[in-house]
**Student:** 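Pasting in a structure now, in structure tokens, and then I'll have a few things to ask.
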Amino acid sequence: ITQPELNYQAGTSPLANEPMYQSTNPKAPKMTQAEFEKARKIYFERCAGCHGVLRKGATGKALTPDVTLPKGTDYLKVFIAYGSPAGMPNWMTSGEMSEADVDLMARYIQQDPPLPPEYGMAEMKKTWKVLVPPEKRPTKKMNNFNIANIFSTTLRDTGEVALIDGDTKQIINIVKTGYAVHISRTSASGRYLFVIGRDAKINMIDLWMEKPDNVAEIRVGLEARSVETSKYKGYEDKLAIAGSYWPPQYTIMKGDTLEPLQVVGTRGMTVDTQEYHPEPRVASIVGSHFKPEFVVNVKETGKTLLVDYSDVKALKTTEIGTARFLHDGGLDSSKRYFMVAANQSNKIAAVDLKDGKLAALIDVGKIPHPGRGANFVHPKYGPVWSTGHLGDESIALIGTDPKGHKQYAWKVVDNLKSQGGGSLFIKSHPKSQHLYVDNPLNPDPNVSQSVAVYDIKNLAKGYTVLPIAKWAGLNDGGAMRVVQPEYNKAGDEVWFAVWSAKDKQSALVVVDDKTLKLKTVIKDPRLITPTGHFNVHNTQHDVY
Ligand code: DHE
């Protein structure tokens, strides 16, 4: 496993702090309660991302007692300490765990996995708050902001988002949210913003208020990454949906209050070996523009669910087998196809939202990570959607126009060379002639602190490097990472986060898309650990 992959996957799970039932396996090596608690915490901080909450295996191997007990403590210690060529990190030799920790973890994984609590309607209702009921909200926009050009910027480590006026670059409000917000999504009308934290807390923000702020909140699980709203004609702003990692389920809510309506579990059979998986996490979700459907991507089973929400009490679901470890993705420029990364399978699945079937499974480079990907018209191949990779330096361009450019549809028509691996996000805009690629997880700071830009009309020329972190001019930025290009509404400027540690200064850097020169640096002591940023208009209309 490379350092970028490790940094990406081994993030802390909020389950580290949840109380859990401990069962004892008489055959497992002895542990005191204190040792068990310590090991459980380390497991959820370091290991659960790859091996799963129930240790049934995800991108890492299964670690249930039937597998670990026959191997025994000494054998397991070697693996944990020194890693393996198959991808296990070397936790001791890298300095992340002491010898005592290694011994503790080797004994811990021979115990039965403790079970985190379930989280259903009753628990959700207890956390559900309508702070401003719909009838008390403004009936028209009460501020002078050009709300279509507001950016919602995640302030990861403070549990907030910054709402920033894209025209004036002033901070409108810092809104309290869940812990380590993952994404923001805009309602179909553009009035509401939905924000989800890693702790599965959703905040709903009304952009019509004099000072836009929270109007409703709920917690839909114990750990989550995705939220979306209904976008099909006639259903605008009617419903919201959130997917959770734990428990493995999705929740459909009322679009104006977040009142939970239906909770649906995703436990089931895997697409390939057709075995039961107890913990299939819900990854990306988008609202279809073609039907009253949510497109729900289930990671461990490798299934894309088209959930017809026209009758929430009688949900009709089309279950499309794609490939395992579905993660992030976005629509093509026609919005008919959802392009989703099956990351550890090194594939992109193209799902046809009009006909409700798999259009193609496309082999790409190592660990594709598109964010929502980037759409543009290639001079030769016509409309393409593109993705960068965590595990290699390639950028795959995939033809997405089966009508006009049939011979190129669902094929990798070109592979661009980027600055290196560790890329997370790629972006373009219909009004732009450029394609931007970040590399925040690349081990070389020169690469992780800059972005590559391509001229779409002349891709063969290669890329230009923009030194974004240097432009930010931070005196004490420490180990900065430049993350996620995002255009403004007009498509003539591009925003980047310069993401520093919590106790260091961060910034947002705005680049002029025509000249590729620095336009502005947004600095403010309140901008702590900015990561993703979402332009209201582009998110509302799925422009990327
Ligand atoms: Fe993300 C999107 C999950 C690590 C920033 N991330 C997503 C989505 C999923 C996901 C499922 C798609 C949501 C959607 O479209 O509905 N991310 C995960 C993880 O499981 C993972 C690997 C590890 C973890 O423990 O969270 C992970 N993600 C990261 C990071 O380290 C990033 C850079 C910073 C952070 O906040 O932790 C990060 N993820 C983002 C961003 C998006 C995202 C900014 C939205 C991209 C977009 O353009 O839509």
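Atoms within each ligand, like the ligands themselves, are counted from 1 in listed order.
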**Student:** Below a 4.0 angstrom heavy-atom separation, can you tell me which part of Arg198, side chain or backbone, both or neither, approaches ligand 1?
**Tutor:**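 Looking at Arg198 and ligand 1, just side chain atoms fall under 4.0 Å.
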
**Student:** State plainly whether the residues Glu493 and Lys169 are in salt-bridge range, i.e. N to O under 4.0 Å.
**Tutor:**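 Looking at Glu493 and Lys169, the cut-off is met.
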
**Student:** Could you see which bit of Ile183 sits under 4.0 Å from ligand 1, with heavy atoms only: side chain, backbone, both or neither?
**Tutor:**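 The side chain, only.
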
**Student:** Aromatic ring centroids of Phe294 and Tyr309 under 6.0 Å?
**Tutor:**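 Yes, the ring centres sit under 6.0 Å apart.
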
**Student:** Pairs of nitrogen or oxygen atoms closer than 3.5 Å, one from Lys299 and one from ligand 1: do any exist?
**Tutor:**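 It does not: no N or O of Lys299 is found under 3.5 Å from an N or O of ligand 1.
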
**Student:** For Lys427, is at least one N or O under 3.5 Å away from an N or O on ligand 1?
**Tutor:**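 In fact, backbone or side chain, Lys427 has no N or O that close.
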
**Student:** For ligand 1, is any non-hydrogen atom under 4.0 Å from Phe534's backbone (N, CA, C, O), its side chain (CB onward), both, or neither?
**Tutor:**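 Under 4.0 Å from ligand 1, Phe534 contributes side-chain atoms alone.
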
**Student:** Which atoms of ligand 1 are found less than 4.0 Å from any heavy atom of Gly532?
**Tutor:**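 Within the 4.0 Å cut-off of Gly532, ligand 1 contributes 44 (C).
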
**Student:** Indicate yes or no: does Glu45 engage Lys38 in a salt bridge with an N to O separation below 4.0 Å.
**Tutor:**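 Looking at Glu45 and Lys38, the cut-off is not met.
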
**Student:** Where does Arg185 meet ligand 1, judged by heavy-atom distances below 4.0 Å: at the side chain, the backbone, both, or neither?
**Tutor:**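 Side chain only.
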
**Student:** Should one rank Thr531, Leu424, Leu326 by closest heavy-atom distance to atom 33 (C) of ligand 1, which comes out on top?
**Tutor:**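 Checking each option, the heavy atom nearest atom 33 (C) of ligand 1 is found in Leu424.
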
**Student:** Using the test side chain to side chain donor-acceptor pair (under 3.5 Å), find all partners of Ser152 that sit at least two apart in sequence or belong to another chain.
**Tutor:**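 In terms of side chain to side chain donor-acceptor pair (under 3.5 Å), with neighbours along the sequence ignored, Ser152 is linked to Ser184.
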
**Student:** Looking at Phe425 versus His369, is the centre-to-centre ring distance below 6.0 Å?
**Tutor:**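 Close enough - the centres of the two rings lie under 6.0 Å apart.
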
**Student:** So is there a nitrogen or oxygen of Trp499 less than 3.5 Å from a nitrogen or oxygen in ligand 1?
**Tutor:**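 N/O-N/O distance under 3.5 Å: no.
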
**Student:** Taking only heavy atoms of Ala283, which atoms of ligand 1 are found under 4.0 Å from at least one of them?
**Tutor:**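 Reading through ligand 1 atom by atom, the close ones are 11 (C).
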
**Student:** Please identify which atoms of ligand 1 are closer than 4.0 Å to at least one heavy atom of Gln484.
**Tutor:**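 Those qualifying, in numeric order: 46 (C), 47 (C), 48 (O).
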
**Student:** Looking only at distances, please establish whether an N/O atom of ligand 1 is found under 3.5 Å from an N/O atom of Tyr245.
**Tutor:**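 So ligand 1 has an N or O lying under 3.5 Å from an N or O of Tyr245.
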
**Student:** Salt-bridge test for Asp328 and Arg372: reply yes if a basic N is under 4.0 Å from a carboxylate O, no otherwise.
**Tutor:**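 No, no charged N to carboxylate O under 4.0 Å.
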
**Student:** Are Lys201 and Asp199 within salt-bridge range, i.e. N to O under 4.0 Å?
**Tutor:**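 Answer for the salt bridge query: no.
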
**Student:** Nearest to atom 28 (N) of ligand 1 by heavy atom, His533, Arg481, Glu486, His182: which?
**Tutor:**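 Looking at heavy atoms only, the winner is His182.
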
**Student:** Going by distance only, is there an N or O of Arg225 that falls short of 3.5 Å from an N or O of ligand 1?
**Tutor:**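 Yes; the residue has a nitrogen or oxygen that sits under 3.5 Å from a nitrogen or oxygen of the ligand.
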
**Student:** Give a yes or no on whether the ring-centroid distance for Phe290 and Tyr232 is below 6.0 angstrom.
**Tutor:**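 When the ring centroids of Phe290 and Tyr232 are compared, they turn out to be at least 6.0 Å apart.
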
**Student:** Are the charged groups of Asp352 and Arg336 less than 4.0 angstrom apart, N to O?
**Tutor:**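 Yes, this pair counts.
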
